Amino acid sequence: MEPTVVADLACEVGENPLWHPEEKCLYWTDIPAARLHRYTPASGRVESFDTGLPVGGFTLQSDGALLLFMARGAVRVWRQGRFVGTVIAELPGELDSRFNDVIADPGGRVFGGTMSTPTRGGKLYRLDRDGAITPLLDGIGTSNGMGFTPDRRRFFHTDTPRREIRAFDFEPATGAIRTPRVFIRTPETPEEGRPDGMTVDADGHLWSARWDGGCLVRYSPSGDEELRVRFPARKVSSLTFGGEDLMDIYVTTAGGRNRPADGAHAGALFRLNLGIRGLPEYRSCVAVRTA
């Protein structure tokens, strides 16, 4: 049950951990620093790359490249330390915002949320395989973690300020989401924190990271809390399953610039193994328009 620090980088906002099966490594981002990090378990090596603009989230393309979702609504392709293509140079309506947390769906599309601003709420978009982008939800406080049930029939979406994870009916053939309902609403107490990143394991249980709550919480398919894992960092931001057998849980945290308040290992990347298996993340298959 004890998390292990595997990369103590003191990220300001470590986010979006994603396992790369071919490279056998774990990628994650430090959003405000505009840095992309890579951890290779076999060697213990940690590498860092400058992305220029902040990266709020990314997916793994079908060819192994990373699809980065960035500030100003930009979507660019990254491979082995450099940009190799662009899908969207910038997105009108998001020039004063950025993407925050994204996920590929079973059909190779990508769902991506944007941050709210002082004058408007955030949005949830769907980026289709041909590069067309469609807004699906509006007025979101902070669009955050997403996931799919193993049967591909339900989609989950987190709105952090509302302390809600909503479930939607999902149509794999079209990428449509319908019939929203609250699946989990977290208590409004300071020690509970707020729901942030999430994933779904092979048993269909939902895992939610708790910003300012210092923990991960595992919920049953019916929404009952089953397990809680504590961390020496208050701002637990996201998680993913990795390793060749998808039994390692990698967890990102934030607050590295204020460790006295946010914990001795705030901003570090953690790993734990609870004997629970994850699911492979779906891959995006989005057409690249320009080099």
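Since the model is a prediction, treat every value here as computed from it, not as a measurement. If you read the sequence from its start, that first residue is 1, and numbering goes on from there.
- A salt bridge does not link Asp196 with Arg194: every distance from a Lys NZ or Arg NE/NH1/NH2 to an Asp or Glu carboxylate oxygen is 4.0 Å or more.
- At distances below 3.5 Å, not a single donor-acceptor pair connects side-chain atoms of Thr29 with backbone N or O atoms of Glu15.
- Under 3.5 Å, the side chains of Asn144 and Thr142 contain no donor-acceptor pair of N or O atoms.
- In this structure, the side chain of Asp201 engages the main chain of Asp203 through a donor-acceptor pair within 3.5 Å.
- Ionic pairing of Arg126 and Asp105 is not present here: no N-O contact between side-chain nitrogen and carboxylate oxygen is shorter than 4.0 angstrom.
- In this pair, Phe168 and Phe155 present their aromatic rings tilted. The plane angle is within the 30 to 60° band.
- With sequence neighbours excluded, the residues forming a salt bridge (Lys or Arg N to Asp or Glu O under 4.0 Å) with Glu192 are Arg210, Arg228, listed by chain and number.
- Under the rule for a side chain to side chain donor-acceptor pair (under 3.5 Å), Asp30 has no partner lying at least two apart in sequence or in another chain.
- Residues Asn100 and Arg98 have side chains that bring a donor and an acceptor to within less than 3.5 angstrom of each other.
- In this structure the side chain of Tyr250 never reaches within 4.5 angstrom of the side chain of Trp28, judged on heavy atoms.
- Residues that satisfy the salt bridge (Lys or Arg N to Asp or Glu O under 4.0 Å) test with Arg181, not counting sequence neighbours, are Asp169.
- Atoms OG1 and CG, on Thr51 and Leu53 in that order, are 7.0 Å from each other to the nearest 0.5 Å.
- Between Tyr27 and His20, the ring planes are tilted. Angles from 30° to 60° get that label.
- When the ring-ring contact (aromatic ring centres under 6.0 Å, His included) test is applied to Phe69, the partners found at least two apart in sequence or on another chain are Phe99.
- For the atom pair CZ (Arg283) and CG (Asp63), the distance works out to 8.5 Å, reported to the nearest 0.5 Å.
- Although no hydrogens or angles enter the test, the distance criterion places a donor-acceptor pair under 3.5 Å between the side chain of Arg259 and the main chain of Ala266.
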Checklist entry - Where do Lys235 and Val13 land on the side chain to side chain contact (heavy atoms under 4.5 Å, CB included) test, with the steps shown first? => result CA-CA 9 Å; Lys235 293 178 169 60; Val13 183; over 6 Å; no
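- Under the salt bridge (Lys or Arg N to Asp or Glu O under 4.0 Å) criterion, Glu94 pairs with Arg120, sequence neighbours left out.
- Judged purely by distance below 3.5 Å, without hydrogens or angles, the side chains of Ser237 and Thr252 pair a donor atom with an acceptor atom.
- The 12-atom threshold is exceeded at CZ of Arg163, counting heavy atoms of other residues, nucleotides or ligands nearer than 6.0 Å.
- No more than 12 heavy atoms of other residues, nucleotides or ligands shown are found within 6.0 angstrom of CD on Glu244.
- Hydrophobic cluster membership of Val217, counting Ile, Leu, Val, Met, Phe, Trp and Tyr whose side-chain heavy atoms lie under 4.5 Å apart directly or via other members: Phe156, Ile165, Phe183, Ile184, Met198, Val200, Leu206, Tyr219.
- Side-chain atoms of Thr158 come within 3.5 Å of backbone atoms of Gly145 as a donor-acceptor pair (strictly under, hydrogens ignored).
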